[in-house]
Amino acid sequence: MTSSLIRGRPRRATSHICVRVLHTVVGGLAAVVWLMLPWMTINSDAPVPVTRAHQAVASSAAPEQDGTSAADLVLPLVAVGAAVVLAGYGYVRRTRRARTRTTPGGTATPAGPAEPPLSELDERVRALLVEADDCVRTSREELGFAEAGLGAEAVAPFAQAVRDAESELSAAFRMRQQYDDGVPDDETSRRHALAGMVGRCQEAGRRLDAEAAGFDRLRALETADGLAAALEVAEDRFRALAARTGAAQATPAGLGERYGSAAIGAVTGHVEQAKDRLLFATTRLNQARQSADLGEGEGAARHLRAAEGAIAQAEVFVTGIERLAADLTSAAGLVPAALTGAEAELAARTDTGAVPAGELHARAAHADLVLAAVREELTAGPYDPLDALRRIVQGLAPLGAGRAGVLSVAALLVARNAVTDTDAFVTTHRGAVGSTARTRLAKAERLLTDGPPDLPAADTLARHTRELAEQDVRIHGNPIDGPAEHETGAAGAVLGGVLVAGSPASYGGPHTRPRRGRASAL
């Protein structure tokens, strides 16, 4: 491909350069000839004959001729010097033109756009990962309401778009995790890796944006019939969730009495936050009804979407309490069997010599201490059965034990609980959680599901990710100031990503997720 510099130069430029070089060479040769000519004349072996009458005159004039020959050397020397100066000037000018990418006419060739710094591109990727993840989560939530009212077959194309977006986002998170781990390590390759993440995130958003208008036409929320049907679904789900919230209100306290306060730390405040989202949903459902009575279909659709988002998040809080109660019950039933199985595996490995002296012997001794401590907790009083299972699994893992039988069941229960709990926290606080926590959560999910699964690693990473997400929320602080916003639940809706820049989030990518116009305008 011809470069822009060559394309911008006139075709006669080469000939002009040749002419200038030829002129310089000819001038230099002429100066040399001029310089040598007097010497050739003085040293000639064939003197010019003269008459005797003129010998005296020639003899007296000889000194004068010698002086004239020395003076004649000045002009050739000046000519040679001038030629050298001109040649040097031409060389310097050509070198300067090449460095500044100028054409013979002096017009500078425009340079391409400068690449952004690596840190700037990195920040852009972080923002795109958060944005794409929010779009997928929000689209999945509204899709659930549409499926409840219209059926799975009707929403199948839009469900496929969500799955496609999830696949692109998963690939972007995998690339981001490798990037954070230092792979690749050179700047050029890291820049290409970041560009690949940008492309994946944009494709995820594009896939959802492409289906947003069709999804709006399917739901037809701005029409009287479509809005009435969607309102009925949302209100039925709201009433069922309100009943579940009331039933779950006493659950954390009961679990704390039975298993200790540490066992319920993951769901502390869930009931209050569920009520906060339901309060916001109540307000928006009433506003949707009022707008519908006034014939304001667009406003009614916005209020309904905001209510649906709050209902979905309230359900996440309540489901978290119910799931913890079930997992604690299952874990309590597994602890005695896990202890017995772990002690049997440890004894078998020690007796058969599978654990040699040295480091592995120290690991076996540590595992024995862990099992003894768990047995003491069982007899001492309230204890956290999930934490007990976790310590049993992690104590035997360095020995290569626990990959089958009751210990594998215990490892799966513990890891699944940690990953699901962290995912729920990110979902209900996505207005504040950053890209790092989301990237680590994606890796924990892969460790849990990809074969062969690494359950202890998934559990450890998920719990660490929960800490990162909580730190993001603390740094973010209160999104809305003022008691009125808290009384209506608006602050929680912003923190949870139900509202995006004042508009309700809905099915779609970054260009369509916050609906601000009619569906026909998308």
Side-chain angles (χ1 to χ4, degrees), residues 1 3-5 99 101 111-137 164-207 359-360 363 394 397-398 400 415 418-419 422-423 425-426 429-430 432-476 509-510:
M1 180 179 295
S3 68
S4 59
L5 176 60
R99 289 178 179 176
R101 296 178 179 268
E115 289 184 336
L118 197 64
S119 58
E120 181 179 326
L121 185 57
D122 179 71
E123 287 301 319
R124 183 189 178 198
V125 168
R126 292 178 182 273
L128 287 175
L129 285 170
V130 171
E131 183 181 59
D133 191 43
D134 284 349
C135 290
V136 168
R137 292 177 184 273
D164 292 343
E166 288 174 340
S167 178
E168 295 289 341
L169 180 60
S170 177
F173 275 132
R174 187 186 296 269
M175 296 169 66
R176 181 71 213 195
Q177 183 63 57
Q178 293 175 344
Y179 184 91
D180 291 343
D181 292 339
V183 180
D185 56 358
D186 62 283
E187 181 175 348
T188 301
S189 298
R190 289 177 74 79
R191 187 179 294 276
H192 290 165
L194 290 173
M197 297 176 217
V198 170
R200 292 285 190 176
C201 291
Q202 290 177 340
E203 178 59 22
R206 187 203 64 77
R207 189 71 182 89
E359 183 178 355
L360 288 182
R363 293 178 182 177
Q394 292 180 346
V419 171
T422 302
D423 180 72
F425 185 88
V426 173
H429 299 80
R430 59 178 177 259
V433 177
S435 63
T436 301
R438 299 177 194 236
T439 302
R440 303 297 179 268
L441 174 59
K443 181 178 180 180
E445 291 172 342
R446 293 195 300 272
L447 291 172
L448 180 64
T449 59
D450 292 354
D454 190 344
L455 300 178
D459 171 58
T460 301
L461 182 57
R463 291 186 295 114
H464 175 62
T465 301
R466 170 71 185 258
E467 295 175 357
L468 291 177
E470 289 176 347
Q471 181 179 356
D472 287 342
V473 173
R474 288 193 297 270
I475 294 175
H476 186 269

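- Of all non-hydrogen atoms in Gly205 and Pro510, the two that sit nearest each other are CA-CD, 3.5 Å.
- Classification of Asp122 and Arg190 as a salt-bridged pair fails, no side-chain N sitting under 4.0 Å from a carboxylate O.
- Atom CZ of Arg191 sits about 11.0 Å away from atom CG of Asp186, to the nearest 0.5 Å.
- Side-chain contact between Arg430 and Asp133 is absent, with no heavy-atom pair separated by less than 4.5 Å.
- How far CD of Glu203 is from CZ of Arg200: 9.0 Å, rounded to the nearest 0.5 Å.
- Ala415 approaches Ala458 most closely through the heavy-atom pair CB-CB, 4.4 Å.
- With rounding to the nearest 0.5 angstrom, the CG atom of Leu169 is 12.5 Å from the CE atom of Met197.
- With hydrogens and angles disregarded, no donor-acceptor distance shorter than 3.5 Å links the side chain of His476 to the backbone of Asp472.
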Exercise. What do the steps show when you test Arg446 against Asp454 for salt bridge (Lys or Arg N to Asp or Glu O under 4.0 Å), and what is the final call?
Worked result: CA-CA 9 Å; Arg446 293 195 300 272; Asp454 190 344; over 6 Å; no
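- A donor-acceptor pair shorter than 3.5 Å can be found between the side chains of Thr436 and Arg126.
- For the atom pair CZ of Arg174 and OG1 of Thr439, the computed distance is 12.5 Å after rounding to the nearest 0.5 Å.
- No option in Val130, Leu129, Thr465 other than Val130 meets the side chain to side chain contact (heavy atoms under 4.5 Å, CB included) test with Arg438.
- Atom OG of Ser170 sits about 11.5 Å away from atom CE of Met175, to the nearest 0.5 Å.
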For this session: For side-chain contact (heavy atoms from CB on, under 4.5 Å), just list the numbers for Phe425 and Val473, CA-CA rounded to whole Å, side-chain angles, deciding distance to a tenth of an Å, and then say yes or no.
Result: CA-CA 10 Å; Phe425 185 88; Val473 173; 3.9 Å; yes
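- No salt bridge links Lys443 with Asp180; every basic N to acidic carboxylate O contact stays at or beyond 4.0 Å.
- One distance of note links CZ of Arg440 with NE2 of His464; it measures 7.0 Å at 0.5 Å rounding.
- Taking the side chain to side chain donor-acceptor pair (under 3.5 Å) definition, one finds that Arg207 meets it with Asp164, Glu211, sequence neighbours left out.
- The side-chain contact (heavy atoms from CB on, under 4.5 Å) check on Pro117 picks up Ser119, Glu120, with sequence neighbours excluded.
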For this session: Output, in order, the C-alpha distance, side-chain angles, deciding distance and verdict of salt bridge (Lys or Arg N to Asp or Glu O under 4.0 Å) for Glu467 and Arg463.
Result: CA-CA 7 Å; Glu467 295 175 357; Arg463 291 186 295 114; 6.0 Å; no
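- Partners of Asp423 under the side-chain contact (heavy atoms from CB on, under 4.5 Å) rule, at least two apart in sequence or in another chain, are Arg137, Thr427, Leu441, Glu445.
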